[in-house]
Protein chains: 2
Amino acid sequence: MKVAEPTVERLVQYCRLLEQLHEEGRRVVSSQEIGEMLGLKASQVRKDLSYFGEIGKRGVGYHVDRLFDHIQGILAPPHHWSIGLVGAGRLGEALLGYKAFKSNKFSVEAVFDVDPEKVGSTVSGIPCFHSDSLPKILMEKNIEVLILTIPASSAQSVVDLAAKAGTLKGILSFAPTTLVAPDGVLIYGVDISVELEKLLFYLKHCEV
Amino acid sequence: MKVAEPTVERLVQYCRLLEQLHEEGRRVVSSQEIGEMLGLKASQVRKDLSYFGEIGKRGVGYHVDRLFDHIQGILAPPHHWSIGLVGAGRLGEALLGYKAFKSNKFSVEAVFDVDPEKVGSTVSGIPCFHSDSLPKILMEKNIEVLILTIPASSAQSVVDLAAKAGTLKGILSFAPTTLVAPDGVLIYGVDISVELEKLLFYLKHCEV
DNA sequence: TTATGTGAACCATTTCACAGCC
DNA sequence: GGCTGTGAAATGGTTCACATAA
């Protein structure tokens, strides 16, 4: 089944909201309420949630815990992912310490950098290897996902090198550049500076 | 004139690419080439670029420098923006040191935190104030844009407090939560953990 | 009566196809 | 001949409106 990107994004948001509602002891919610809390139309919420079968009760709403489990099941990965983080700079360290990054779906198994000070030691408790050894370590640790927190200039070469391992399936890049994905590798880019530019552009033009 | 969000995002990308091409000494590019380098269809590139008037030369292509200036003009803000950064944690510091964040379009004028160690001193050379003084400092320094690098739990209260200053126009939030925007304030959220979840979801389902 | 689930209508964005200019 | 600019067609996503079930 194919599911649109905006839908996946909202599913994650529903999940977070439901977790919160669960803690507050809420038992049921309506699409209307979810919409208000997340800034979405109720019809949008219903369409998203009905995408994977009838889960709500007509005339009542959605059972919080049941819906949560349901969405978790949809988002849940087929297995635990091993992740590698390339670039032990401040952004990299920030991510490693980031609370929302703790999950039982994945774990960061290796850090890569070129700084001799860092290579051989640990960063936030995770062993740090030289970037040159990417293919070797990726295979050894069966790492399928990389997070890139490196400058734009070295991003593409890291992608090409890492692809040699053959285990690589996905990349989340924070490098402010467009990367070319090798066959069979899915690349997602989060470009912080682009987001700020977009915000400033709309502040200029739209003057909400 | 209204311009779609995906278009703005691509305009920023064109800009970055053109800068690079300029450094390489390139004089002209075709929509075809731009598309290949950025992973877009040539027709998409042409549509985006023709949005603000005829800028290319038929049978030739786009003059690199001329196109760069043209897009810069579109993206350029009406004035220099003063920005405040709330949350002097690792992510906040990472952003302050982030190269792609240096720009003549804006500058970070104040940092806010609740840690007594930081308040009163400077962070990356920028004075740090207590978060409680947000409205006061925002007015004093005429800050219109805030970047939030704080936990989800305190994000909404910071937004509400900052809105009291009346100068606030836009927010770029890294807090993993949905924020409610006060009237007249544009909120952009970058949710790093959601991006990773999306990537893992597509790795599970699409198996490209 | 209330709130979901969903086909149909609507709107936005992308892609096509070709006319127009260099 | 080559490449842009652009109306028209196609695609993708959101919203509506109402049948349906609790």
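The basis for the numbers below is simple: all heavy atoms, side chains too, and nothing from hydrogens, waters or symmetry mates. We name chains A, B, ... by the order of the sequence lines, and we start the count at 1 in each one.
- Counting only heavy atoms from C-beta on, A:Pro6 has its side chain closest to D:dG13 among C:dT14, D:dG13, C:dT15.
- A heavy atom closer than 4.0 Å to some atom of DNA chain C occurs in A:Arg46, A:Lys47, A:Ser50, A:Glu54, A:Ile55, A:Gly56, A:Lys57, A:Arg58, A:Gly59, A:Val60, A:Gly61, A:Tyr62, these being the qualifying members of residues 46-73 of chain A.
- Looking only at atom types and distance, the side chain of A:His130 has no donor-acceptor partner in the side chain of A:Asp113 under 3.5 Å away.
- Remark: the A:Glu109 side chain and the A:Ser107 side chain contain an N/O donor-acceptor pair separated by less than 3.5 Å.
- Under the 4.5 Å side-chain criterion, counting only non-hydrogen atoms from C-beta, B:Leu148 is not in contact with B:Leu172.
- Here the P atom of nucleotide D:dT14 and the CD atom of B:Glu5 are 12 Å apart, to the nearest Å.
- Salt bridge absent: B:Glu5 and B:Arg10 never bring a charged side-chain N and a carboxylate O closer than 4.0 Å.
- One atom, CD of B:Glu9, and another, C1' of C:dT13, lie 14 Å apart when rounded to the nearest Å.
- Between B:Glu195 and B:Lys198 a salt bridge is recorded (basic side-chain N to carboxylate O distance below 4.0 Å).
- Straight-line distance from the NZ atom of B:Lys41 to the C1' atom of D:dT4: 18 Å, rounded to whole Å.
- At least one side-chain nitrogen or oxygen of B:Arg10 sits closer than 4.0 Å to the OP1 or OP2 atom of C:dT14.
- Side chain to side chain, B:Asp65 and B:His22 meet the donor-acceptor criterion of an N or O pair below 3.5 Å.
- Note on ring orientation: taking the six-membered ring where Trp is involved, the planes of A:Phe101 and A:Phe106 are perpendicular (angle over 60°, cut-offs 30° and 60°).
- A salt bridge between B:Arg16 and A:Glu197 is absent, with no side-chain N of the basic residue lying under 4.0 Å from a carboxylate O of the acidic one.
- For DNA chain C, the neighbouring residues in residues 20-33 of chain A, judged by any heavy atom under 4.0 Å, are A:Ser30, A:Ser31.
- Summarising the geometry, the separation between CD on A:Gln44 and C1' on C:dC11 is reported as 13 Å, rounded to the nearest angstrom.
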